Chemist: 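I am attaching a structure below and will ask some questions about it afterwards.
A quick note: this is a predicted structure, and the numbers were derived from the prediction, not measured.
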Amino acid sequence: TAILKGPEDKVNLTCSHTVSSYNMILWYQQSAQNTALKLIGYVRYTSPTVEDSFKGRFDVSGDAAANKMAYLHFPKVTEAEDSAVYFCAASEAQCFTIPSLLYKNPL
């Protein structure tokens with residue numbers, strides 16, 4: 001779906017699916033300036049996360065567990081890079097681990 005919006009406009013995108021075992025929905029951006037898919041954020045079960053590089057520009061919400069729906073909200077279109085292709089993807093929710101920090105004691 002193509003959406004045409006001007007500066008300062010609000011944008012809301014919706015993503016849904018019907019795979020019962022997929023409890024995670026992710027949002028990606030592919031801009032003309034950078035064709036790599038960049039992860040904007042995701043909803044894991046009912047918990048939303050926005051990547052640091054997109055915080056303040058995008059909001060993610062939804063229920064990927066029961067309703068299998070996620071939303072991508074632009075409070076306002078402000079940057080040229082916001083003009084892009086947006087993808088959503090669904091997956092099984094993964095277990096997350098926090099890597100331990102390694103410290104080297106000074107000699």
Chemist: How many angstroms lie between atom CD of Q33 and atom OG of S83, to the nearest 0.5 angstrom?
Modeler: 8.0 Å
Chemist: When you look at L26 and S91, which way does the side chain to side chain contact (heavy atoms under 4.5 Å, CB included) test go after all the steps?
Modeler: CA-CA 8 Å; L26 308 96; S91 77; 4.0 Å; yes
Chemist: Could you tell me which residues satisfy side chain to side chain donor-acceptor pair (under 3.5 Å) with H73, sequence neighbours excluded, listed by chain and number?
Modeler: N12
Chemist: Would a single hydrophobic cluster contain both Y42 and Y45, if residues Ile, Leu, Val, Met, Phe, Trp and Tyr are joined by side-chain heavy-atom contacts under 4.5 Å?
Modeler: no
Chemist: Donor-acceptor pair, Q30 side chain versus A36 backbone, under 3.5 Å?
Modeler: no
Chemist: Which pairs would a plain distance check flag for residues 49-62, meaning a side-chain donor or acceptor within less than 3.5 Å of a matching protein atom at least two apart in sequence or in another chain?
Modeler:
{"from": "D52", "atom 1": "OD1", "to": "K55", "atom 2": "NZ", "distance (Å)": "3.1"}
{"from": "R57", "atom 1": "NH2", "to": "D82", "atom 2": "OD1", "distance (Å)": "2.6"}

Chemist: Excluding sequence neighbours, so at least two apart, what forms side chain to side chain contact (heavy atoms under 4.5 Å, CB included) with D63?
Modeler: T46, A65, A66, N67
Chemist: Does a side-chain heavy-atom distance below 4.5 Å link C15 with W27?
Modeler: yes
Chemist: Given side chains that start at C-beta, do those of L13 and Y71 come closer than 4.5 Å, heavy atoms only?
Modeler: no
Chemist: State, yes or no, whether a side-chain contact exists between K68 and N23 at a heavy-atom distance under 4.5 Å.
Modeler: yes
Chemist: Do the side chains of F74 and K10 get nearer than 4.5 Å, heavy atoms only?
Modeler: no
Chemist: Which distance, rounded to the nearest 0.5 Å, do you find between the CD1 of I25 and the NE2 of H17?
Modeler: 4.0 Å
Chemist: If you measure from CG on L37 to OH on Y86, what distance do you get to the nearest 0.5 Å?
Modeler: 12.0 Å
Chemist: Tell me, do Y28 and K38 make a side-chain contact under 4.5 Å, heavy atoms counted?
Modeler: no
